[in-house]
Protein chains: 2
Amino acid sequence: MHNDLDDIDLRILRILQADARITSSDLAQQVHLSQSPCWKRVKRLEKMGLVSGYHAGLNRRALGWGMMAFVMVEIEKQDDSSSSAFIQAVQAMEEVVMFHGIAGPQDFMLVVVARDLDDYGQLLQRQLHRLPGVRRVSSFLSLEEFKGQLHHMPIPAAAAAPH
Amino acid sequence: MHNDLDDIDLRILRILQADARITSSDLAQQVHLSQSPCWKRVKRLEKMGLVSGYHAGLNRRALGWGMMAFVMVEIEKQDDSSSSAFIQAVQAMEEVVMFHGIAGPQDFMLVVVARDLDDYGQLLQRQLHRLPGVRRVSSFLSLEEFKGQLHHMPIPAAAAAPH
DNA sequence: CGTGAAAAAAACGCAGG
DNA sequence: CCTGCGTTTTTTTCACG
């Protein structure tokens with residue numbers, strides 16, 4: 001069984017990535033297929049796991065997340081038992097929107113959102129720094145977003161206050 | 001005119017973020033509203049710009065992007081004319097999926113995908129390092145993704161080869 | 001692949017409470 | 001906010017070339 005993608009599949013993916021709500025007939029038109037076979041391709045792409053889901057993209061600032069930071073963390077030991085505690089704790093923090101283990105002297109890269117600088121300071125002091133085995137934390141605050149909207153961001157418990 | 005969000009709005013956003021394809025009646029049920037007013041809320045949230053769009057989430061590895069890296073770049077001068085050339089060039093690179101100006105000794109943080117290490121090396125040498133005014137580039141390669149799927153990733157021109 | 005078509009489901013909009 | 005109703009659109013499936 002081979003499941004390679006042809007050009008049309010790639011174009012379908014490109015379009016669905018930009019607009020997941022396009023109707024299947026419009027989509028079919030744009031890739032120059034008729035509705036029925038086009039729809040089958042979409043379902044196939046979903047089954048193949050190429051499309052992992054459909055998500056609303058939310059406006060970070062409108063939700064009250066005025067701050068974003070890249071955070072690098074170095075931990076004491078890299079053995080499984082101690083790092084897995086760290087990993088679990090970080091995964092549970094909803095302000096952490098991205099979390100990767102990385103190669104190099106530092107061990108982890110986090111992308112974090114916060115309401116403002118105060119909020120971020122508290123997050124750092126009261127949560128990140130207190131996690132088990134944390135040796136060093138370096139923050140790089142975002143000043144401007146040139147590319148790449150964040151998706152999957154936390155929804156605050158209380159309402160945002162757009163001004 | 002005030003446009004604050006109540007609890008139900010936030011729950012709607014949370015649900016749409018997880019599944020943009022939910023039907024409005026199912027959504028209504030989950031937030032304990034009836035279909036009609038629930039639907040109006042969604043439209044209102046869209047008009048308010050809280051929902052910026054609906055997007056298919058794609059599988060990075062299935063698309064052939066086996067590598068991901070965080071890249072910090074320091075440029076020569078921070079004046080507008082020279083940095084804007086850099087910014088434009090980076091924005092045009094489709095492998096760059098996230099691109100922020102940051103505070104600190106480094107000037108920019110990029111999140112980059114590549115097919116493999118070779119591909120990444122070429123990207124670095126042939127593109128990033130050659131951009132005008134680049135002083136220093138530091139790479140942090142992702143070893144493991146603990147949290148935060150990437151969205152809006154480039155669709156390769158040629159088909160991916162899932163094995 | 002294509003076409004056409006038809007049944008089922010959803011979206012959308014409006015009335016009256 | 002609700003319920004209900006109707007119209008339009010879309011989805012989904014199927015038969016056939």
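In the text below, chain A, chain B and the rest are named by the order of the sequence lines, each starting its count at 1. Computed from a predicted model, the values in this text were never measured in an experiment.
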Could you check how far CG of B/Asp26 sits from C1' of C/dA9, rounded to whole Å?
11 Å
Per the atom types in the model, does the base of D/dC2 pair as donor or acceptor with the side chain of B/Ser36 at under 3.5 Å?
no
Can you check the A/Lys40 NZ to D/dA15 P distance for me, whole Å?
12 Å
Integer-rounded Å distance: C/dG13 P and B/Trp39 CH2
4 Å
Would you kindly give the CG-to-P distance between A/Asp19 and D/dT10, to the nearest whole Å?
12 Å
With a 4.0 Å cut-off on heavy atoms, is A/Arg41 in touch with a base, just the backbone sugar-phosphate, or nothing at all?
sugar-phosphate
Using atom CD1 of B/Ile8 as one end and atom C1' of D/dC2 as the other, report the distance to the nearest whole Å.
13 Å
Rounded to whole Å, the CD1-C1' distance (A/Ile22 to D/dT9) equals 15 Å
Can you measure B/Asp7 atom CG to D/dC1 atom P for me and round it to whole angstrom units?
13 Å
When A/Cys38 and B/Thr23 are each assigned the nearest nucleotide of DNA chain C, the 5'-most assignment goes to A/Cys38
Test side chain to side chain contact (heavy atoms under 4.5 Å, CB included), reference A/Ile12, set A/Leu10, A/Ile15, A/Leu16, output is A/Leu16
When all nucleic acid strands are considered with a 4.0 Å heavy-atom cut-off, which category describes B/Ser34: base, sugar-phosphate, or nothing?
base
Per B/Ser25 side chain, nearest of listed nucleotides D/dT11, C/dA11, D/dT3
C/dA11
State, to 0.1 Å, how close B/Leu5 and B/Arg44 come at their nearest heavy-atom pair, and which atoms those are.
CD2-NH2, 4.4 Å
Establish, from distance only, whether the side-chain atoms of B/Gln35 and B/Ser25 form a donor-acceptor pair under 3.5 Å.
no
Any chance the side chains of B/Tyr54 and B/Glu46 put a donor and an acceptor closer than 3.5 Å?
yes
N or O in side chain of B/Ser24 less than 4.0 angstrom from C/dA10 OP1/OP2:
no
Between CZ of A/Arg44 and P of D/dT12 the distance, given in whole Å, is 17 Å
